[in-house]
A.B. asks: 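Sharing a structure below in structure tokens format, with a few things to ask.
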Amino acid sequence: MQQKMKTVTITIQEDGEPREIEIQVPDTGEGGWGDLSKNTYINKPHTRVDAVDKVTGRAKYTADIKLPGLLYGRILRSAHPRARINRIDATRAMALPGVSVVVLPNDDPEVFSRECRFAGQEIAAVAATTPEVAEDALHAIDVDYEVLPFVVDEDAARDPDAAQVHSDRGNVGEPRVGEQGDIAAGFAQADVTLEATFRCQVQSHIALETHGNVCQWEGDKLTVWASTQGVFSVRGELAGHFGIPETNVRVITEFMGGGFGAKFGARKEGVICALLARKAGAPVKLMLTRKEEHLATGNRPSAVQHVKLGATSDGKLVAYERSNYGTPGVAGSANIPGAPYLYEIPNYRIEQTSVFTNAGPMAAQRAPGHPQAAFAMESMMDEMAEALGMDPIDIRQMNDPNEARRNMVAMGAEHIGWKTRRSATPNSGTGRIKTGMGVGSARWGGGGGRTQAECTINPDGSVQVKCGTQDIGTGTLTLVHMVAAEEFGLKMEDIDVGIGDTNYPYSGGSGGSTTAASVSPAIKGTTMLAKLELFKKIAPRFGVEPGELVASDGNVFVGSDPSKSMTWQQATAQLGDEPIFFHGQWLPGYSDSGVPGVHFVEVSVDTETGLVKVDRVVAVHNSGMILNPLTWASQVNGGVLMGIGYGMYENRIMDPATGYMVNANLEDYKLMGSTDIPEIEILRYDEPERGVIGIGEPATIPTPGAIANAIYNACGARIRDMPFTPDKVLSALAAVKEG
């Protein structure tokens with residue numbers, strides 16, 4: 001029986017211009033991935049193909065790259081949150097034995113500025129034979145600062161008389177307004193109206209591997225080994241900065257120790273590394289320290305949200321008003337989703353502003369803006385449920401337009417035993433340790449596109465697949481092996497995969513939970529069409545049409561008569577000395593976008609110390625068709641833990657007197673420890689007919705709101721200020737006692 005075909009529309013480049021064309025591809029059923037029960041790899045759990053390399057130390061991260069004559073770079077950063085550099089002298093630094101080069105503001109004013117706007121801003125850099133000499137050289141650079149007024153607190157920065165972060169504009173950006181319906185009429189219709197203010201702190205980026213690059217010039221050609229979420233964006237930024245063709249820049253990311261949104265593009269440290277290497281005429285390695293990570297590489301902006309919510313007596317939400325601001329530091333935006341989060345509300349108005357301060361700039365961080373919005377909205381939903389005498393789940397189900405999320409709420413509630421929750425009377429337990437249960441939800445977009453790939457089938461049976469995507473630690477390399485092996489009916493180890501290199505076909509950055517939905521359809525389409533080319537060559541030997549052939553278990557055979565068969569090597573031997581080479585791209589129909597998520601949380605609260613412990617999390621998530629359940633679950637686990645860290649521990653603390661971040665380290669900037677990790681149970685809500693959808697970000701969004709609701713359910717204290725530290729719990733408990 002000949003396989004059915006379907007028509008898909010793709011975009012190709014013709015004479016430098018995009019053009020849409022239609023092509024025929026095999027029709028493998030809903031979602032594009034065929035009958036999942038018959039698969040060997042797709043939708044089955046598999047250990048990462050690079051696991052052994054990572055645990056044995058064979059994997060080469062950026063810091064592991066060693067080249068002949070390698071120098072070590074370091075960056076001199078501003079000692080003040082706001083200052084003007086009157087003079088900078090590197091004479092003493094250059095006199096130190098082992099110092100090769102120093103670059104100063106005059107060498108590249110685009111990178112180094114004499115106008116310093118935050119403590120940690122780049123003002124000079126050195127390259128030396130050892131990291132220790134490079135550090136000594138930084139201390140030997142003489143800088144004469146004119147210290148200027150500054151402000152590092154977003155509330156203080158809103159004062160019209162506050163120090164101005166930028167001389168050409170005020171500290172408060174232009175408001176962004178979103179509205180629908182008639183807000184006044186909506187609140188007039190409400191039987192209950194609640195108002196509250198919620199505060200979310202700045203969260204720092206803490207990837208296991210710091211930002212870093214190794215740069216080597218050969219004439220006007222530059223090779224960079226980078227810790228990056230986007231090898232092509234690094235290439236483009238470096239080519240643009242140095243005025244050379246992108247073809248002269250090669251960026252390689254063999255292995256990477258994590259990135260949550262702050263590792264796109266070359267950034268200043270990448271340009272500085274290349275500057276040092278060009279001036280020194282030698283390769284340079286520049287890895288940032290943990291302190292530099294805190295000060296200069298980005299963070300999740302704060303959010304102060306004043307929320308007003310109105311509902312009718314039956315629980316129907318009718319009006320919503322939110323005024324929010326936050327600080328992105330010296331640059332960027334602190335905006336969060338610009339409509340009521342999750343729920344359908346006919347009348348709303350939202351006004352939000354960004355407040356600039358003399359602190360390091362923000363960067364996208366795992367689900368930008370969504371955890372802040374979810375925390376406030378999910379807290380308000382619980383408060384409204386209590387005011388109306390409703391179960392918190394019932395009010396959510398009534399107002400949530402997303403059917404999948406409603407089903408997921410029901411799944412999670414059943415699994416965690418929601419009916420046992422003391423919903424009517426918070427703080428009803430006995431003893432000093434009170435337990436409680438809370439719920440929080442999320443939404444995310446995701447989606448895919450743009451990625452290209454190439455596949456070579458050689459006459460000896462070997463197969464190469466190449467794609468420029470980078471694996472940032474999520475298991476992308478394993479997904480490429482799985483998809484290709486499934487398509488060719490081979491073992492994963494039979495596929496030679498190359499990723500993380502701009503010499504390979506283009507792929508976008510790994511962010512926005514778009515990687516799996518971009519890469520897997522590109523690999524699927526490319527290998528599928530390459531296989532079809534092979535089938536066209538060998539089908540006459542069987543006397544059938546190409547669409548009647550099947551590749552499985554290392555063989556190629558006629559689907560309707562498996563006795564007509566040959567091994568994969570016998571099939572590819574028919575190619576003679578001419579391999580099959582196919583350059584393909586992302587195809588529609590194999591992925592989708594838009595996913596909900598729901599977390600249920602159980603906590604224990606010590607009412608004498610204020611200490612909160614997250615005991616259990618039930619995470620319900622949807623990713624359409626899951627490629628590898630093992631790495632998918634790993635992403636959910638990581639997202640849950642990051643959400644707990646944000647809600648419970650992490651907090652950038654700025655000293656308003658000095659303008660310094662006082663906890664720019666991993667001792668005072670609190671992260672989760674092994675004893676803080678709760679029991680995490682993951683429930684899958686599968687929709688395979690939708691194809692592949694990303695999971696990286698949805699799993700971190702609901703947790704803080706769910707924890708806040710669980711704390712209230714446990715002890716009757718409503719915490720509206722993250723992180724939920726013991727002092728805040730005790731203050732809230734004291735306020736409850738005082739009425």
A.B. asks: Indicate yes or no: does K670 engage D676 in a salt bridge with an N to O separation below 4.0 Å.
C.D. replies: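 Salt bridge absent between K670 and D676.
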A.B. asks: Taking all heavy atoms of N709 and all of V439, pick out the closest pair and write down the distance.
C.D. replies: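 That closest heavy-atom pairing would be ND2-O, 3.1 Å.
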A.B. asks: With a 4.0 Å cut-off, would you call R720 and E383 a salt bridge?
C.D. replies: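 So R720 pairs with E383 through a salt bridge.
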A.B. asks: Take H370 and Y341 through the ring-ring contact (aromatic ring centres under 6.0 Å, His included) test and state the conclusion after the steps.
C.D. replies: CA-CA 8 Å; H370 283 241; Y341 199 70; 5.3 Å; yes
A.B. asks: Does atom CD of E414 have more than 12 heavy-atom neighbours, drawn from other residues, nucleotides or ligands, at distances under 6.0 Å?
C.D. replies: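 It does not: E414 CD has 12 such atoms or fewer within range.
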A.B. asks: Strictly below 4.0 Å, N to O, side chains only: are E351 and R176 in salt-bridge contact?
C.D. replies: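 Salt bridge: no.
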A.B. asks: Between R432 and E608, is there a salt bridge with N-O shorter than 4.0 Å?
C.D. replies: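 A salt bridge is present here (some side-chain N lies under 4.0 Å from a carboxylate O).
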A.B. asks: Do R366 and F260 meet the cation-pi criteria used here (NZ or CZ under 6.0 Å from the six-membered ring centre, within 45° of the axis)?
C.D. replies: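 Not satisfied by the 6.0 Å and 45° rule.
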A.B. asks: If you measure from the Lys or Arg side-chain nitrogens to the Asp or Glu carboxylate oxygens, is any gap between D382 and R396 under 4.0 Å?
C.D. replies: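 Looking at D382 and R396, the cut-off is met.
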A.B. asks: Taking the ring centre of each residue, are F724 and F375 less than 6.0 Å apart?
C.D. replies: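 Yes, close enough.
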A.B. asks: Taking the basic N atoms (NZ, or NE/NH1/NH2) and the acidic carboxylate oxygens, is any pair closer than 4.0 Å for R405 and E403?
C.D. replies: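 No, this pair does not count.
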A.B. asks: Does D686 pair with R684 as a salt bridge, N-O distance under 4.0 Å?
C.D. replies: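 So D686 pairs with R684 through a salt bridge.
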A.B. asks: Taking the ring of H46 and the ring of Y41, is the distance between their centroids below 6.0 Å?
C.D. replies: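 That pair passes the under 6.0 Å test.
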